[in-house]
Number of protein chains: 2
Amino acid sequence: MNEVRPNDWMEKIVSLCKRRGFVFQSSEIYGGINGFWDYGPLGAELKRNIKDLWWRSMTQTRDDVAGLEATIIMHPSIWRASGHVDTFSDPMVDCKTCKGRFRADQVDSTPCPKRPSRMVTECEGEKTPPRQFNLMFKTYVGPVESEENAAYLRPETAQAIFAQFKNVLDVSRQKVPFGICQIGKAFRNEINPRNFTFRSREFEQMELEFFIRPDEVVARLEGSVATLAPGMDLSKPQRNWGWEVWHKYWVEQRIRWYEGIGLPRDSFEEYWQKKEELAHYAKATVDILYKFPFGTQELEGIAARGDFDLSQHQKFSGKSMEYFDDEAKAKYVPHVIEPSAGVDRLLLALICHAYAEEEVTDEKGQKEVRTVMRFHPRIAPIKAAVFPLLKNRPELVAKAEEIRDLLRPHMAVFYDETGAIGRRYRRQDEAGTPFGITVDFDTLGENGSALKDTVTLRERDSMKQERLPVGELLNHLLVRIR
Amino acid sequence: MNEVRPNDWMEKIVSLCKRRGFVFQSSEIYGGINGFWDYGPLGAELKRNIKDLWWRSMTQTRDDVAGLEATIIMHPSIWRASGHVDTFSDPMVDCKTCKGRFRADQVDSTPCPKRPSRMVTECEGEKTPPRQFNLMFKTYVGPVESEENAAYLRPETAQAIFAQFKNVLDVSRQKVPFGICQIGKAFRNEINPRNFTFRSREFEQMELEFFIRPDEVVARLEGSVATLAPGMDLSKPQRNWGWEVWHKYWVEQRIRWYEGIGLPRDSFEEYWQKKEELAHYAKATVDILYKFPFGTQELEGIAARGDFDLSQHQKFSGKSMEYFDDEAKAKYVPHVIEPSAGVDRLLLALICHAYAEEEVTDEKGQKEVRTVMRFHPRIAPIKAAVFPLLKNRPELVAKAEEIRDLLRPHMAVFYDETGAIGRRYRRQDEAGTPFGITVDFDTLGENGSALKDTVTLRERDSMKQERLPVGELLNHLLVRIR
């Protein structure tokens, strides 16, 4: 039934997110604040799992990426160098009558605040000419609110990586090609936050800047530069790769990573930006789009940015961003491939992908609709739930607690003793917990049961139950959640 | 030698932090920005390990704490309810001559910007009367910079927990006593950031709000309320505990946690605030102080805050913060115990504690000073380093890579093939890597060596080397890093 997605699919997902504690509106008791969302207990765990897997895929499972964690508030010159102070803006008009401010390109679809039955363009109020409104949040560092103390909340994490390129290079013993990755919050004062958590004003990014040799250096060293060819083996980086192959390599790496956390290739679209759509410094950009219920939208952008960013910082800071390549006996500003993903968007995609409703038959033979979150065990907020069959039998409770404590050092476990066992399963289905473990009288070996020291293991998606010795439980689960 | 700490101890630590990539100045290429620090590759891993262990100690190893991840920018009413808008400020005076702004309580120790040889009090410039300067960073949400759109960067993570108390309660199936924990960035526009990363303007907190029954409810249910007594068993919460015992329980829990990551009890001081020092709403506050080289300073505060915070939000939001306790058949606003720790301060304490210099004798019999970071293996940024004895012998390199790939899914591993083996060990000593693994000709079984398929395992602190079969390596390390 996962395929049938009625019109209210997104509403159902939003409702589940609130009901089960994945996502809350920020500051809800004060009426909320537009464009800001909090993660409840399940959402916070899901988000941690996503970030942890990304970070480990970058820093732990490969030798050629180093991590960084920079501040959100940085020296304002960084945003002059990057172009954000000058160009990271939307055109806005003010209405002199109602004092409202509107996006100039949306006045014919934005209702007039005074009379919402007509659009802003239809009102007689005099409008100012469009003016650029910068999307960076501004604040002041130090006690004086003067322009020289103005600073910005970073609108992306990438620039900190460029600004610290030389420091990381000096300490990490890396050689080009290598990357620096970072996870962290970023802020954009969006005029129209929308689509639940998809476009919000405070969000989190996972960005990698992967530095490569300019093609001419590769050509000099290797005799020629490999360009993209059909059927090319992209699994392992090669010395003769030019930027084009590196770019494609990272597109493939990222898609494989998404597959590894349960988003199949056919849930995406790869959109290769056309020449005329590219930013002036970009050589190529691929958007990885996910098919959300509200439309097919960007999860990640993978851009080949040449040496634009490092060169800009070299120019604005006066500090050399050149790298001395001992093998090539050459100095150059490295080029960069940038896979840049949004954590909140990915979390939302994973929730949309996991959400399913299916008709099942309960213990009493009644048909009912089961809501189940089919998270990949790797990202599931809770890996296993442990249930004593009855809560008023101390031997069952003690045994269930023993099993909970056995698993707990290795995974997130939820212990639940309240309600009928079927209802407890359903609650965990909605939380996306892949495994349910029930301790019953057989486990205790009552009446000489041959099933002593075994438990029922119930698998979330198939709802199949099998009997497993307690001694095999930990390894059985560890294999499935990794 | 860890005990001998000369005057330049802190300078040495700061120097190592930069040299090895634990900490960089934010925006260094632009001259830096006062009070902001970035974490380089080793610092970022260390910080992740600290946060991960704290989070797991709260949410994974106990049933009674749920996690939350709220936004940094929240509805401004939250800071009116909490008291931060009115009282989170320092008194400042302006000099009408030099236009400088100074902390009123520090004018006699702050140099005059015009003539730094004298203090601000000694200059003839006319000063304004002291005015309160709020330490929250302010910004505007939405396109109009008006007071109604003003918002603040949170100065602490705690308030989000209070604001979302009811939502978390509704979804998490918790009953009082239970807690909500959060890790995240907070910002304070400190006038004098100082002591390296200790007092910075952007920092990260790990906070738990643990909600308990008011003492009168405990008394009604249990007949009496347990208060603190010498030799009391605090290892497992009891139903009759009053706030005083819960408070002491959390002090003990937190100290045990610090011990578990390698900070022994005698590296702290517990400072119990005196009655006259307590905030008006606090019943008791304990500061856990660490003996930094620059002085004994606060790592964590553990406060018994009564029902102050929830009551304030109830008053300001008009939403009930009352909890219905089915067992007590009573409605009440829960009281709270708040262990609030600083991630950056703890990271700095761990670095200060780990840093050691010792005189050792090298392979050639020369005495030299070894700098070693004695991190507990649980928090060490890199757990193991793998070295082929020589890099120009493909069999050694292949075997070392095989061992790296064997360990890598389970821990952070560093592979290094460059330089003399002694120098490679020293580099890992400075990074705090607890284990070094060397692949040599014996590992390959050359000349019929009986040591085939064994490696040298070198322990960082003792520098002892032992020979271990490759097949036993993973388990041997896993036991030690957990």
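Naming: A, B, ... by sequence-line order, numbering from 1 per chain. In this text the structure is predicted, and so the values were computed from the model without any measurement.
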Is a salt bridge present between A:Arg408 and B:Asp63, judged by a nitrogen-to-oxygen distance below 4.0 Å?
yes

B:Gln164 side chain near B:Gln182 side chain, heavy-atom distance below 4.5 Å:
no

Is it the side chain or the backbone of A:Asp416 that comes within 4.5 Å of chain B heavy atoms, both, or neither?
side chain

For chain B, which of A:Phe137, A:Trp55, A:Trp37, A:Phe203 has the most heavy-atom pairs under 4.5 Å?
A:Trp55

Interchain contact, A:Arg62 with chain B, by part (heavy-atom threshold 4.5 Å)
backbone

If you count heavy-atom pairs within less than 4.5 Å of chain A, which of B:Val413, B:Thr59, B:Ile72, B:Leu135 leads?
B:Ile72

Using a cut-off of under 4.5 Å for heavy-atom pairs, which of B:Val144, B:Val171, B:Thr139, B:Thr71 has the most such pairs with chain A?
B:Thr71

Of all of A:Asp38, A:Asp170, A:Thr418, A:Leu153, which one pairs up most often with chain B through heavy atoms under 4.5 Å apart?
A:Asp38

Greatest number of non-hydrogen atom pairs under 4.5 angstrom with chain A, of B:Asn167, B:Ile33, B:Ile382, falls to B:Asn167

Under 4.0 Å between a side-chain nitrogen and a carboxylate oxygen: does that hold for B:Arg103 and B:Asp90?
yes

Passes side chain to side chain donor-acceptor pair (under 3.5 Å), A:His75 versus B:Glu28? Steps please.
CA-CA 9 Å; A:His75 196 289; B:Glu28 189 187 304; over 6 Å; no

What's the spacing between B:Arg56 CZ and A:Arg48 CZ if we round to 0.5 Å?
9.0 Å

Given the options A:Met74, A:Arg173, A:Arg201, which has more heavy-atom pairs under 4.5 Å with chain B than any of the others?
A:Arg173

Mind ranking A:Lys166, A:Lys185, A:Met92, A:Met321 by heavy-atom pairs under 4.5 Å with chain B and telling me who comes out on top?
A:Lys185

Using a cut-off of under 4.5 Å for heavy-atom pairs, which of B:Gln60, B:Lys319, B:Arg20 has the most such pairs with chain A?
B:Gln60

Scored by heavy-atom pairs under 4.5 Å with chain B, the best of A:Ala66, A:Pro76, A:Ala163, A:Gly31 is A:Ala163

To the nearest 0.5 Å, tell me how far A:Ser26 OG sits from A:Tyr39 OH.
11.5 Å

Heaviest contributor of heavy-atom pairs below 4.5 Å to chain A, chosen from B:Gly100, B:Pro41, B:Ala44, B:Gly21, is B:Pro41

Chain A interface, residue from B:Asn34, B:Leu42, B:Asn134, B:Ile78 that has the most non-hydrogen pairs under 4.5 Å
B:Ile78

To the nearest 0.5 Å, what is the distance between OG (A:Ser200) and CZ (A:Phe36)?
8.0 Å

Measure the acute angle between the ring planes of B:Phe178 and B:Phe165, then classify it against the limits of 30° and 60° as parallel, tilted or perpendicular.
parallel

Portion of A:Glu401 that has a non-hydrogen atom of chain B nearer than 4.5 angstrom
neither

Interatomic spacing from CG in B:Asn49 to NZ in B:Lys47 - rounded to 0.5 Å
12.5 Å

